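Every value quoted in this text rests on a predicted model; they were computed, and no experiment measured them. Ligands are counted one by one from 1 in listed order, and the atoms in each one are counted from 1 as well.
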Amino acid sequence: MSPRHQRSPSMTAQPMSYPFARDDMLEPAAEFSRLRVERPVVPVELPTGGNAWLLTRYEDVRQVLGDPRFARGFGGPQPGGFASFLGYLAVFAAPEAQARFRRVAGKALLDCADQMRPAVSRLVDEALSELAAAGPPADLVGLVQLPVSIGVICELIGVPHEYQHTFRSWADTFLSISPAAMDQEKAVAAQADMDRYVRGLLAERAAAPGDDYLSTLLTTPDVDGVRMSEEEVIATTYALLVSGYQTVAHSLGKGMLALFRNPEQLAALRADPQLAGSAVEEFLRFAPPDAGFGMPLHATTDLEVAGVPIAAGESVLVGVWSANRDEETFPKAHHFDVARRPNQHLSFGIGIRYCTGAALARLQMELVLTRLLERFPRLALAVPAEQVEASSGMVVEGPKQLPVTW
Ligand code: HEM
């Protein structure tokens, strides 16, 4: 059946069961390659029992991600309950609330990357000293990737150095939520502690604003002259944690694993450190930090994607992993190439859904990569690559540990 004649997901007799099985954290599901050629807009059944359209081609994913006729939509803040902060996350907010978030908090985040360079640089050097003191062998994930990325968020919101360890333990508990009742209780307690702490920081900034990120959020008026409320600023700190902590750490972890699995690429990078920038882009293209499921969007009006009619209200999943490996856009797409240019991957989204933390993420990844290879010129994996296990995250994933030697 040609894509033009596919039917709406709700009307299709046998949608494919999704997500597809994967057995390698650096590889997309095998089905994507076939679907890109044979059925680029395909109905799938989700674990919840609902249906969605899955898009697998670069051009379609790019078009839909940037199309304002698609919404994420929980529809805005939802008071009460442990998960209430989700309602405040910009990506789930109603379009006007998201636009407001982007104008103030997003812009401040984009603007601060340069200003953050000395702090990020210091965090990277400290983490590498911890690594040196702990090994060899020592774990790159626990000693470098996670401390640097949580450290950057702490610096952003003004958590003092001596308190960053406590903040990380709250964040780890709060983000590792699982169905177990015990974990729920711990997560709720961690969130309450964090909430109290962040409100304290906010009160200090409100009394004496500086030129830091939280003060900027509190004092910058939107186009209508209205400033962000305390609740919105609190929600923003959660947005930073959820969006910017494990994502960066896992992108680095997957990228480092790809380097260790492709020694000729590691050698090329060592021979020419100027390749660090393009290597980071290749880390992001080749193995994005998300676990490959994708966040559903829904059509707000009847429309077509690649000739397939999609009705208002129907859900669409954009296959970013698949798009990043589309041979039509990326020559030798399954080859990991640290010198790849151009590299217009979609791991940071695009247009109205472009990651406002992208500059900060790139800065951290590039500094970690450059300094790591400078300081440990003989860095190597301390265990066989096939023994590296993936973390069991639902949304983002990466190596649980990366034991390295030098
Ligand atoms: C490698 C690391 C990262 C990746 C791959 C990534 C990816 C993304 C993507 C794909 C989106 C768009 C979500 C959507 O489709 O609506 C997004 C949004 C966002 N990201 Fe990132 N991100 C990363 C790091 C960061 C960092 C370090 C921060 C902040 C410290 C951050 C903050 C945000 C925020 C606040 C949003 C919401 C923007 C909005 O709704 O307009 N991200 N990110």
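Remark: R34 CZ to E38 CD distance equals 5.0 Å, nearest 0.5 Å.
Taking only non-hydrogen atoms, the option from L363, T356, T247 nearest to atom 23 (C) of ligand 1 is T247.
The only member of E31, E397, E27 that meets salt bridge (Lys or Arg N to Asp or Glu O under 4.0 Å) when paired with R22 is E397.
With sequence neighbours left out, Y58 forms a ring-ring contact (aromatic ring centres under 6.0 Å, His included) with F330.
Taking each heavy atom of G349 and Y354 in turn, the nearest pair found is O-CD1, 3.3 Å.
Side-chain contact check for R102 and T356: no donor-acceptor pair (N or O, by modelled atom type) lies under 3.5 Å.
Atoms of ligand 1 found under 4.0 Å from any heavy atom of P289, numbered from 1 in the order shown, are 5 (C). The atoms of ligand 1 that sit less than 4.0 Å from any heavy atom of G244 are 25 (C), 26 (C), 27 (C), 28 (C). Residue R102 has at least one heavy-atom neighbour below 4.0 Å for each of these atoms of ligand 1: 38 (C), 39 (C), 41 (O). Residue contact check: S251 has heavy atoms under 4.0 Å from atoms 1 (C) of ligand 1. With ligand atoms numbered from 1 in the order given, ligand 1 contributes 10 (C) to contacts under 4.0 Å with heavy atoms of G349.
The salt bridge (Lys or Arg N to Asp or Glu O under 4.0 Å) contacts involving residues 278-298 comprise E281-R362, E282-R285, E282-R340, where partners must be two or more places apart or lie in separate chains.
Taking a 4.0 Å cut-off on heavy atoms, S347 registers as neighbouring ligand 1. Residue contacts with ligand 1 include L284, since one of its heavy atoms falls under 4.0 Å from the ligand.
Heavy atoms from both the backbone and the side chain of R353 come within less than 4.0 Å of ligand 1. Neither the backbone nor the side chain of P288 comes within 4.0 Å of ligand 1, counting heavy atoms alone.
Atom CD of Q274 has 12 or fewer neighbouring heavy atoms from other residues, nucleotides or ligands inside a 6.0 Å radius.
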